[in-house]
Student: 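Once you've had a glance at the structure underneath, I'll fire off some questions.
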Amino acid sequence: MSFDEAFDVIVIGAGHAGCEAAAAAARLGVQTALVTLNLDLIGQMSCNPAIGGIAKGHLVREIDALGGIMGRIIDRTGIQFRLLNRSRGPAVQSPRAQADRALYRTEMRRTLEVIPNLHLRQGLVVDLIVKDSRIYGVELQDTRRLRAKAVVVATGTFLNGLIHIGRRTHSAGRAGEPASIELAESLKRLGFPVGRLKTGTPPRLDGRTIDWNVFEPQPADERPVHFSFATDKIEQPQITCFIGYTTGAVHNAIRANIHESPLYSGKIKGIGPRYCPSIEDKVIKFADKNRHQLFLEPEGHNTNEVYLNGFSTSLPPELQQELVRMIPGLERANIIRPGYAIEYDYVDPRELTPYLETVHIKDLFHAGQINGTTGYEEAGCQGLIAGINAALSVQGRERLRLNREESYIGVLIDDLIRQGVDEPYRIFTSRAEFRLALRHDNADARLSPYGQKIGLVNDSDWERFNQRRDKLVRLRSILESTRLRKSDAAYLSVSHALAQDLGDSITLIQLANRPNARPDLIKQLLPAEIQTETNMADLESVLADSLYSGYINAQRATFDRLHNHDSLRIPFNFSFREISGLSHEMIERLERVCPKTFGQARSIPGLTPAALSTLLVHLTLQQRTA
């Protein structure tokens, strides 16, 4: 076989999975080529220009802890940072940031271009060169052949991509870019089981034509929570996003024109994301709702383009314009880019090992939407693991495997390779049995030692990690030893504020676990010299460790119990609807499969640990009373 160029690792696709894969492999010291259709669109945010969200923010923190780049990029380009679930426990709080779309893309390319051993190549990969169940390289449309010892396929929605807008359909990987048809056929020829999924985007609006006074402002957090442990402060100015709502008139117009939607005319065969439905799906499936929430999100400081989050649609462009103008505040709004739906091929992720290497072809790795996932964060973490393991394989080193007990990345990969997917997979905190221990603030403690061991966490970042770890240990010791006594000046005011009897004395760590004892109160009670050197993020992390310490053992016991009852039989014609505590979604998944044993129920895609625990309790009680 003759080749035009030779590399150690080739990464196909420069989306979020491809960028992480290429950066990781190159930084581990192997010659890496990142091959993409258009070098100007590296790191393009095809859908919502935002990073993070519920559980997704945990993934980004974990990517950063291992030595990935997504967290650093968004910290430099984010224009609105918000911590979600502030009113709930620390384990389910998660950072999110709206990005400047153009700046994010520019910063991603700039970051990649200065990484030693990383070579950018523009071209369309049409074939994988495989012999004797081993990958040897790739072939491009322009006839170039590139040799590789390992290949990472991170093609996003480009495999046999098909865009739908109203009754019109055309081949594309995303708007304005060609689909990867020949590579999709190559994967089928190699024997990979292929399915079809669907996703979509909303229309983008001209911000100059929006009546902003009608909408509810959603400002950025005063104290931004960054994504990278290396970030000290968010420097760039922040913007305000806005909240709006659809109306009954909008819903009626959609129902009257539902035949124009390819989702309901039968043209779209792929399965769409349950947790990010189109506006058509919302109106039809949630007919009892008289309005749906919308988020108006500016796409950057230097553009008038606004992302209409919550209004994903594939209706005809002229109808989209009519519907948008029926929304209060958008009566004069102009659409810059219409929304659309896109269908694409994915490969059954059960064809993968825990290292994201394909079972049947050695040193061929898959990452991102090719594995049936949705979201930049899910793609990025897969790309990181695939890139790491591709490089480690080339170097003959032990590969990296993360377990679900120690990371959301481990949860995601384990779910994919064990259960497969029946719809686009999205990470949620509810998918993790050990979510109380898998907080966004302790991702470095859990994963940075892995990153340092393989060589992705450099000396300066490792020193920063050790300094933070030592600081947290010292702070924990001070909280455990410092007491608030009845004789202290602050005792009476604290007792009144909490409306509680605090006894003769109480340690600060004990006080922090009392209801309504906020971290800022605890900080005020620290010794003066400690107050000045303690930041709130570190204090909150230590307090969360204390808060959850008693619950984590209970979660571990639940995990063990779930995995020791696989042979428990489920009676024929068992009614899952009679189980109190199961959501409609969980009931739907169980009824679709009708499992005969608890072990079969455990293998159903998307069934959460909480649902499994509820099912197990019900089956066990029923067995005892039979």
Side-chain angles (χ1 to χ4, degrees), residues 1-43 67-69 108-156 158-159 180 182-183 186-187 190 355-358 361-368 370 379-380 382-400 454-456:
M1 290 182 284
S2 61
F3 293 90
D4 297 277
E5 288 187 278
F7 303 94
D8 293 316
V9 173
I10 290 175
V11 178
I12 304 172
H16 302 275
C19 289
E20 290 289 351
R27 290 174 57 217
L28 287 176
V30 301
Q31 296 299 316
T32 304
L34 177 58
V35 184
T36 182
L37 278 165
N38 188 341
L39 290 174
D40 295 327
L41 296 178
I42 286 175
I69 59 176
M108 180 65 77
R109 178 166 179 174
R110 187 197 67 79
T111 298
L112 296 179
E113 286 187 326
V114 298
I115 296 176
N117 309 315
L118 181 53
H119 311 274
L120 305 182
R121 296 291 183 268
Q122 183 163 299
L124 176 64
V125 175
V126 296
D127 202 5
L128 302 175
I129 301 172
V130 177
K131 184 179 180 181
D132 299 328
S133 299
R134 177 184 287 272
I135 191 77
Y136 282 90
V138 302
E139 182 175 337
L140 276 57
Q141 188 180 55
D142 58 20
T143 73
R144 281 181 293 168
R145 289 157 65 90
L146 309 180
R147 184 178 178 85
K149 298 173 184 176
V151 171
V152 179
V153 184
T155 45
F158 281 74
L159 290 178
S180 183
E182 291 154 302
L183 180 58
S186 175
L187 289 165
L190 290 170
Y355 313 109
L356 296 184
E357 181 183 23
T358 62
I361 299 178
K362 183 170 173 52
D363 289 321
L364 177 64
F365 298 80
H366 290 175
I370 190 174
Q382 291 174 72
L384 178 64
I385 298 301
I388 287 171
N389 285 321
L392 295 178
S393 178
V394 168
Q395 295 170 334
R397 298 167 60 191
E398 181 182 356
R399 300 185 187 187
L400 176 65
I454 62 177
L456 268 188

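This is a predicted model, so every value here is computed, not measured.
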Student: Report yes if some heavy atom in the side chain of V138 is under 4.5 Å from a heavy atom in the side chain of L146; otherwise report no.
Tutor: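 The answer is yes; the side chains approach within 4.5 Å.
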Student: For the residue pair A25 and A391, what are the closest heavy atoms and their distance?
Tutor: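 Minimum heavy-atom separation between A25 and A391: CA-CB, 3.9 Å.
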Student: Out of curiosity, L190 CG to T358 OG1, how far, rounded to the nearest 0.5 Å?
Tutor: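 Here the rounded value is 9.0 Å.
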Student: What's the spacing between L400 CG and I385 CD1 if we round to 0.5 Å?
Tutor: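 Here the rounded value is 5.0 Å.
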Student: Walk me through it: do D8 and Q395 pass the test side-chain contact (heavy atoms from CB on, under 4.5 Å)?
Tutor: CA-CA 9 Å; D8 293 316; Q395 295 170 334; over 6 Å; no
Student: At their closest point, which heavy atom of L39 faces which heavy atom of Q122, and how far apart are they?
Tutor: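 Minimum heavy-atom contact is N-OE1, 2.9 Å.
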Student: Considering only heavy atoms from C-beta outward, does the side chain of L187 approach that of I370 to under 4.5 Å?
Tutor: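 In contact.
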Student: Can you find a heavy atom in the side chain of R399 that is under 4.5 Å from one in the side chain of E357?
Tutor: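 Yes, close enough: below the 4.5 Å cut-off.
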Student: Got a second to check how far S393's OG is from Y355's OH, nearest 0.5 Å?
Tutor: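 With rounding to 0.5 Å, OG (S393) is 11.0 Å from OH (Y355).
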Student: Have S2 and R145 got a donor and an acceptor in their side chains that come within less than 3.5 Å?
Tutor: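 No, no side-chain donor-acceptor contact under 3.5 Å.
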Student: Is the closest side-chain heavy-atom distance between V125 and T155 below 4.5 Å?
Tutor: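 V125 does not reach T155 side chain to side chain.
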Student: Please enumerate all residues that pass side-chain contact (heavy atoms from CB on, under 4.5 Å) together with R144, with sequence neighbours excluded.
Tutor: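 Partners of R144 by the side-chain contact (heavy atoms from CB on, under 4.5 Å) criterion, ordered by chain and then number, come out as D4, R121, L140, D142.
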Student: With rounding to the nearest 0.5 angstrom, report the OG1 to CG distance, T32 to L120.
Tutor: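 Here the interatomic distance stands at 11.0 Å.
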Student: Which pair of non-hydrogen atoms, one from V152 and one from A21, has the smallest distance, and what is that distance?
Tutor: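 In this case the closest contact between V152 and A21 is CG1-CB, 4.1 Å.
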Student: Any idea which heavy atoms bring L384 and A24 closest together, and the distance?
Tutor: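 Distance-wise, the nearest heavy atoms are CD1-CB, 3.8 Å.
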Student: Do L356 and N389 have side-chain heavy atoms sitting under 4.5 Å apart?
Tutor: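 Counting from C-beta outward, L356 and N389 never come under 4.5 Å.
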Student: Which atom names give the shortest non-hydrogen contact between I69 and A23, and what distance separates them?
Tutor: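 Heavy-atom minimum between the residues: CD1-CB, 3.9 Å.
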Student: Can you see which heavy atom on L118 is nearest to which on A22, and at what distance?
Tutor: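 Minimum heavy-atom separation between L118 and A22: CD1-CB, 3.8 Å.
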Student: Side chains of residues 128-137: which donor-acceptor partners sit under 3.5 Å, not counting sequence neighbours?
Tutor:
{"unit_1": "R134", "atom_1": "NH1", "unit_2": "D363", "atom_2": "OD2", "d": "3.4"}

Student: Nearest 0.5 angstrom please: L124 CG to E182 CD, how far?
Tutor: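 Answer for the CG-CD pair, L124 versus E182, is 6.5 Å.
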Student: Is it true that D127 and S186 share a donor-acceptor pair across their side chains at a distance under 3.5 Å?
Tutor: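 D127 and S186 do have a side-chain donor-acceptor pair below 3.5 Å.
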Student: Looking at CZ of R109 and OG1 of T36, how far apart are the two atoms once the value is rounded to the nearest 0.5 Å?
Tutor: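 Spacing of CZ (R109) from OG1 (T36) equals 10.0 Å.
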Student: How about L28 and L456: do any of their side-chain heavy atoms sit closer than 4.5 Å?
Tutor: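 Answer yes - side chains close enough.
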Student: Kindly state each residue pair satisfying salt bridge (charged side-chain N to carboxylate O under 4.0 Å, His left out) with at least one member in residues 22-33, sequence neighbours excluded.
Tutor: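 Salt bridge (charged side-chain N to carboxylate O under 4.0 Å, His left out) check on residues 22-33 returns no pairs.
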Student: Could you check whether any side-chain N or O of E20 sits under 3.5 Å from a backbone N or O of G380, counting only pairs where one atom can act as donor and the other as acceptor?
Tutor: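 No; zero donor-acceptor contacts below 3.5 Å.
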Student: Hey, is CD on E398 packed in by over 12 heavy atoms from elsewhere, all under 6.0 Å?
Tutor: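 Not more than 12 within 6.0 Å, no.
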Student: Using only atom types and a distance under 3.5 Å, with no angle test, would you say the side chain of S180 pairs donor to acceptor with the backbone of F158?
Tutor: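 No; judged by distance alone, with no hydrogens or angles, the pair does not exist.
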Student: For G368, does its backbone N or O pair with a side-chain atom of Q382 as donor and acceptor, under 3.5 Å?
Tutor: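 Here the side-chain-to-backbone pair exists.
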